Amino acid sequence: MSLEKLKKIIREDDNFLISSHINPDGDSIGGMLAIGWLLDKLSKKNAIVIDSAPSEKFRYLSGFERILKYSEDIKLSFQPKNLIVIDAPNLERMERVNLLLPKDITIINIDHHKSNSSFGDINYIDFNAGASTEIIYDLILSSGIPLDKDAAEDIYTGIVIDTGRFRFPNTTPKTFEIAAKLLEAGARTSFIAEWLHHTNSLETIKGLGVLLNSLEMNMDGRIAFVHFDSSYIKGKEGAKMETEGFVNYPLSIEGVEVAVLLQESENGKIRVSLRSKDKINVNDVAGAFGGGGHAKAAGCRIKGTISEAKRLLLQEIGKRIKEIKSEELRMKN
Ligand SMILES: [Mn+2]
């Protein structure tokens, strides 16, 4: 139903602003670029704007340089009539991009987050999709425009990132079917695997060393905290590292249920990445601080210092760990 509405608006209307959540991941970036690609093919005016700069790791995607970082003096060459938000559970997650929206803008919400609040005028949501780009694949397919290498790589990147390289349970037969079509369409799947997951800069590897040195275990080894101070992030080496995937190292420790990566950012806020093995829903934890994401991967921002953020998170995660522990005790007795 909403697919028909979405197809109609894309075919008949114009002036599309494309955005996603702050700190966009590969699914957000691939998704925004794939939508931009489709709108270009349909000769529609479109611009991609996000609150924070995208990771350079995704610069192999065609059109990467089209992604604009929000600034107060940003000027679009057209007045947006439609907003397409990809991979964001609510509009607040776009942060300052909200300032660009005229009152009467039509909001199109494309997402797969279970926490999505259906905030759009058109909601094209599939909770069973492994990635937002899986949903966009269906949209492109139904538009009749043949996929090329560029669009195929946008979509493939979203899938690879959000399914943890076809590892998470959100990977379905359809995920593999789509991936096969993308490979046929020219996506460089080997290159993407090598580049995204087996290539690191020297600064990244050194940064990982620094991060792992900050490791702190809590609640009998169930929660692992790691953090970066702003002085390291801003420093000569820290500024050049890519932190994507770092949080998976503490998560991989046997017995750990939740891993938390904290990074001091400019505005007095701590950027928090949360990962869970499977017992704790970190989307709920992030939600307690106004953030969101998925049950096993979520993020939020907390005002204050690293240690204040840790204390608050420990309370929030700790009470969930206690529930698991009492459940385990019950099972034993
Ligand atoms: Mn996603």
Side-chain angles (χ1 to χ4, degrees), residues 2 6 18-38 48 50-52 54-55 57-58 61 64 67 83-95 97 107-120 123-140 151-172 174-176 178-179 182 187 192 196-197 243-245 247-248 271-276 281-287 291-300:
S2 47
L6 177 55
I18 304 166
S19 191
S20 184
H21 55 77
I22 190 165
N23 305 318
D25 54 33
D27 189 28
S28 312
I29 294 168
M32 291 188 294
L33 289 173
I35 288 287
W37 174 92
L38 178 63
I48 303 175
I50 48 173
D51 187 279
S52 50
S55 164
K57 194 80 187 168
F58 299 106
L61 292 172
F64 179 80
I67 302 175
L83 169 73
I84 304 185
V85 193
I86 293 151
D87 203 48
N90 54 57
L91 278 183
E92 290 70 42
R93 292 281 289 153
M94 298 195 312
E95 303 260 337
V97 176
I107 294 170
I108 299 158
N109 170 14
I110 302 179
D111 192 22
H112 66 132
H113 289 81
K114 292 216 166 54
S115 55
N116 192 290
S117 63
S118 292
F119 56 83
N123 298 292
Y124 183 38
I125 300 167
D126 181 357
F127 296 143
N128 297 316
S132 288
T133 60
E134 270 190 30
I135 307 175
I136 295 168
Y137 172 84
D138 287 340
L139 173 66
I140 292 176
E153 291 191 350
D154 293 338
I155 294 164
Y156 189 77
T157 296
I159 291 175
V160 164
I161 293 295
D162 266 23
T163 63
R165 296 175 258 174
F166 306 95
R167 178 164 60 98
F168 303 146
N170 62 358
T171 308
T172 64
K174 187 177 169 185
T175 312
F176 284 110
I178 294 174
L182 300 174
I192 291 172
L196 282 185
H197 297 291
T243 59
E244 174 88 35
V247 69
N248 294 320
R271 181 178 157 190
V272 182
S273 304
L274 295 150
R275 294 293 181 278
S276 165
N281 184 331
V282 288
N283 179 47
D284 293 345
V285 175
H294 302 280
K296 293 185 186 184
C300 61

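As the structure lists them, so they are numbered: ligands from 1, and atoms in each ligand from 1. Since the structure is predicted, the reported quantities are computational estimates derived from the model, not experimental observations.
Relative ring orientation between His113 and His294 is described as parallel, the plane-to-plane angle staying below 30° on a 0-90° scale split at 30° and 60°.
Here the shortest heavy-atom pairing between Ala286 and Gly299 reads CB-O, 3.4 Å. The minimum heavy-atom distance between Ser132 and His112, with the atom names listed, is OG-CD2, 3.2 Å. Nearest heavy-atom pair across Ile125 and Ser118 is CD1-OG, 3.8 Å.
Ordered by chain and number, Asp27 OD2, Asp87 OD1, His112 NE2, Asp162 OD2 make up the set of protein N, O or S atoms under 2.8 Å of the Mn ion (ligand 1).
Just one of Asn90, Asp111, Asp87 meets the side-chain hydrogen bond (donor to acceptor under 3.5 Å, both in side chains) condition when paired with His21; it is Asp87.
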**OP:** Show the numbers, then the answer: is there a ring-ring contact (aromatic ring centres under 6.0 Å, His included) between Phe64 and Phe58?
**Re:** CA-CA 7 Å; Phe64 179 80; Phe58 299 106; 7.7 Å; no

